[in-house]
There are 2 protein chains.
Amino acid sequence: MTTVQVASPLIEIAQQTRLAASKLALLSTEEKNQAIEAIALALESAKDDILQANVADCQTAMDEGIAKPLYKRLQLDEHKLRDAIAGVRDVGKLDDPVGKVQIHREIDTGLILKRITCPLGVLGIIFEARPEAAIQIVSLAIKSGNGVILKGGKEALRSCEAIVKAIKKGLSHTAVNPDAVQLLTTREEILELLQLDKYVDLIIPRGSNSFVRFVQENTRIPVLGHADGICHLYVDQAADIDKAINITVDSKTQYPAACNAIETLLVHSSIASEFLPKVAAALAAHNVELRGDKRTLQILPNIGSATETDWETEYSDLILSIKIVDSLEDAISHIDNYGSRHTEAIITEDLAAAETFQALVNAAGVYHNCSTRFADGFRYGFGAEVGISTQQMPPRGPVGLEGLVTYKYQMCGDGHIVSSYTGANAKSFTHRDLE
Amino acid sequence: MTTVQVASPLIEIAQQTRLAASKLALLSTEEKNQAIEAIALALESAKDDILQANVADCQTAMDEGIAKPLYKRLQLDEHKLRDAIAGVRDVGKLDDPVGKVQIHREIDTGLILKRITCPLGVLGIIFEARPEAAIQIVSLAIKSGNGVILKGGKEALRSCEAIVKAIKKGLSHTAVNPDAVQLLTTREEILELLQLDKYVDLIIPRGSNSFVRFVQENTRIPVLGHADGICHLYVDQAADIDKAINITVDSKTQYPAACNAIETLLVHSSIASEFLPKVAAALAAHNVELRGDKRTLQILPNIGSATETDWETEYSDLILSIKIVDSLEDAISHIDNYGSRHTEAIITEDLAAAETFQALVNAAGVYHNCSTRFADGFRYGFGAEVGISTQQMPPRGPVGLEGLVTYKYQMCGDGHIVSSYTGANAKSFTHRDLE
């Protein structure tokens, strides 16, 4: 704790953020909501600056031959910015996650225990090109009482600078110290940020699978997020064929780059010859490339063949691998081997089969007769999503504001000591929940 | 996922445990409680074997010159064993943490979301000499529906073998497959266990600070526990002197080896000359060695001097460092620098000062006018404690059975797809909480 630390601008930034965050943690809901409204107003005032900065970013990116999907994410037009500002105001309307009393218990007469939610402290958020991500993240951080250190993709540097400048200006007239929001501008600072476990309490990486894995493997700070999203849809022998087709098409094509899109379709052998030709036709209409195992190829001879590698690949694209299985157990076993514990679905009219699937499959989401694409904080009704976690421990699945707070135990006594509760004349605890 | 793994008995053991655990996860509360009672009966039947094995362990340890405190922990007499078996039955009485519905929400007509608690899977528990720890851990694991791989200290090998043998025998006539409980016997297996992130979901190390730190730094599996317990007691200028003395003595001497015992006493300068001589006398009566900063030495000239090292040392012994501070803020700042976020206390009759302390100090426990020794799952009324966590993210502080479960989202629809909720004729979500 007293190790001499090399003077670094980043450590100073982190210390400033921590200091500002410790004051932000104590603000009332009203003060935080006023700050959030001030951010929305400041972003509206700085609209022209932000859009101009983005045009410059886009020009540079184009000159450097940026890939088209990345370019689309980088681009921030008036419409996207207006939506992002509306999103800020939506966060203002969300329930304050701080100060909730989770436990209120009398331990003994005059000795009262409370468990109360409180902010984590400082969040480190590393995101890719999308500049409006900074807007959403900052409003979520302030609502949850946390400081935030942002690092956006280098392509979006000027856009992020204009956004954060506006946010800090907006905050300057509020109870929130603008130091609570910081922007890092160089790539080198990412590794440095990951080492600051004394100042940063949670890292949220938003980017490619390989980037998330890099972050997970290079920090002792807890990481919220997921590297892989290998989701499966299992079409059971008792499936309703029409539902199965609709859900397969939606789960694969509604947004193929999303982590909750399916990569592999598992089909029960007794329904395969009826179902596969129909679903293949429906998927072909959406330009989905199919790759099947040997038995699938006997029914769909014109598709490519799936190898071991396919079962463990997140295509994030209009490609779907297909495997025929002989039982519910075989489907679950395949998911157990290759799934990334994100979202797994069964299509069946057999309630017992659905129950078995939902009980035995180990994943954040286990679905019956609906699309895997529902795995999302907004669709779950959380109002906002800070990420989707595939870890086994909570928070798991889509995480709303609750992922940005922790709790502490407050105990109040009147001179109570533990030795009164031990030995020959030991007092007893009452352990009575209050209210 | 398909990397070729070197055949290892430990991987096989882990796979067996996982398989047994996946069945245990589905058992009813009654079936788990029956298994817990069967364990209690089996331990009673095997009493003589267990005590004999322990005598042999103790003899070997004595021959090898074991340290006295370790010897006391190793020793298992009839009384300790009876208490441990009573503890098993207590766990049977605890509320089942599995199957709790945390969220029950209509997303849209016919599309229902539930968040339900479920077991983590397989626990890896590494503990030191105390053989009866195995008994408590197994009962907690079974109650929470988890498999468990145990590794006890080598000194306790024969005792642990006798205990686990009895437990497995007890389970053999129940719904719980005895494979759900495993005992590792060699030291080399610890590192191997820490690598098994595919099979083990949570590691709970119970041992020295350096051992816990070693575990934290050598695994990607989540670790429940804490390396350090550097707790402070701050005696404010508005403290009641008698309360302050009693609480200081209790917090330091009631069980000095505990993680929630205090290591440093912070005293407000305006009360120091009255308080310090009195508390020094009280502590001297309990053979506590005092070490003070310069200003403390002016009041207590006969004690040793505290250096920087003292502020960052967990003595786990009858030693207490003392520092005089000039304000509540200075006390909080010292705690921020040197505390391990475990349990911190203020003694004051000034409610505003207490509130500031409890709001600003970042620790799992923030106490007012009571002993830090209350930081314990039993005293909090959790019935059982699986460990105390000093991490920032939940679970934090004393963790009961809730630390051994996670949750999954179950969604049930009737052909619902996401594309119905986007675009021109988008349906709306109802997001209506049920029951």
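Convention: sequence-line order gives letters A, B, ...; per-chain numbering from 1.
Heavy-atom distances place no part of Ala25(A) under 4.5 Å from chain B, backbone and side chain included. Looking at Ser419(B), both its backbone and its side chain come within 4.5 Å of chain A, counting heavy atoms on both sides. Proximity to chain B (any heavy atom under 4.5 Å) is restricted, for Ala364(A), to the backbone atoms N, CA, C and O. Contacts of Ile346(A) with chain B are absent, with no heavy-atom separation under 4.5 Å from either backbone or side chain. Contacts of Gln358(A) with chain B are made by both backbone and side-chain atoms, with heavy-atom separations under 4.5 Å. Residue contact with chain B, scored on non-hydrogen atoms closer than 4.5 Å, is absent for Ile116(A). Heavy atoms of Val361(A) lying under 4.5 Å from chain B belong exclusively to its backbone. Heavy-atom distances place no part of Ile347(A) under 4.5 Å from chain B, backbone and side chain included. Only the side chain of Leu113(A) comes within contact range of chain B, judged by heavy atoms closer than 4.5 Å. For Thr422(A), the part lying under 4.5 angstrom from a heavy atom of chain B is the side chain only. Looking at Glu106(A), neither its backbone nor its side chain comes within 4.5 Å of chain B, counting heavy atoms on both sides. With a 4.5 angstrom heavy-atom cutoff, Pro222(A) touches chain B only via side-chain atoms. Using a 4.5 Å cut-off between heavy atoms, Gln216(A) makes no contact with chain B at all. Contacts of His368(A) with chain B are made by both backbone and side-chain atoms, with heavy-atom separations under 4.5 Å. Neither the backbone nor the side chain of Arg432(A) comes within contact range of chain B; no heavy atom of the residue lies under 4.5 Å from a heavy atom of that chain.
Of the listed residues (Lys408(B), Gln391(B), Arg220(B)), the one with the most heavy-atom contacts under 4.5 Å to chain A is Lys408(B). For the options Arg396(B), Arg115(B), Gln410(B), heavy-atom pairs under 4.5 Å to chain A are most numerous at Arg396(B). Per-residue heavy-atom pair counts under 4.5 Å with chain B were compared for Leu202(A), Asn246(A), Asp414(A), Ile103(A), and the maximum is reached by Asp414(A). No other option in Glu349(A), His431(A), Lys243(A) has as many heavy-atom pairs under 4.5 Å with chain B as His431(A). Interface summary for chain A: among Tyr380(B), Tyr367(B), Tyr255(B), Phe429(B), the most heavy-atom pairs under 4.5 angstrom belong to Tyr380(B). Interface summary for chain A: among Ala354(B), Cys370(B), Ser371(B), the most heavy-atom pairs under 4.5 angstrom belong to Cys370(B).
Asp201(A) has a carboxylate O that lies under 4.0 Å from a charged side-chain N of Arg341(B), or vice versa, which qualifies the two as a salt bridge.
Among all heavy-atom pairs drawn from Asp250(B) and Val418(A), the shortest one is OD2-N, 2.8 Å.
Looking at Arg373(A), its side chain never comes within 3.5 Å of a backbone N or O of Ile417(B) through a donor-acceptor pair. Side-chain atoms of Gln392(B) come within 3.5 Å of backbone atoms of Leu120(A) as a donor-acceptor pair (strictly under, hydrogens ignored).
Arg379(A) contributes atom CZ, which lies 11.5 Å from atom CG of Leu111(B) (distance to the nearest 0.5 angstrom).
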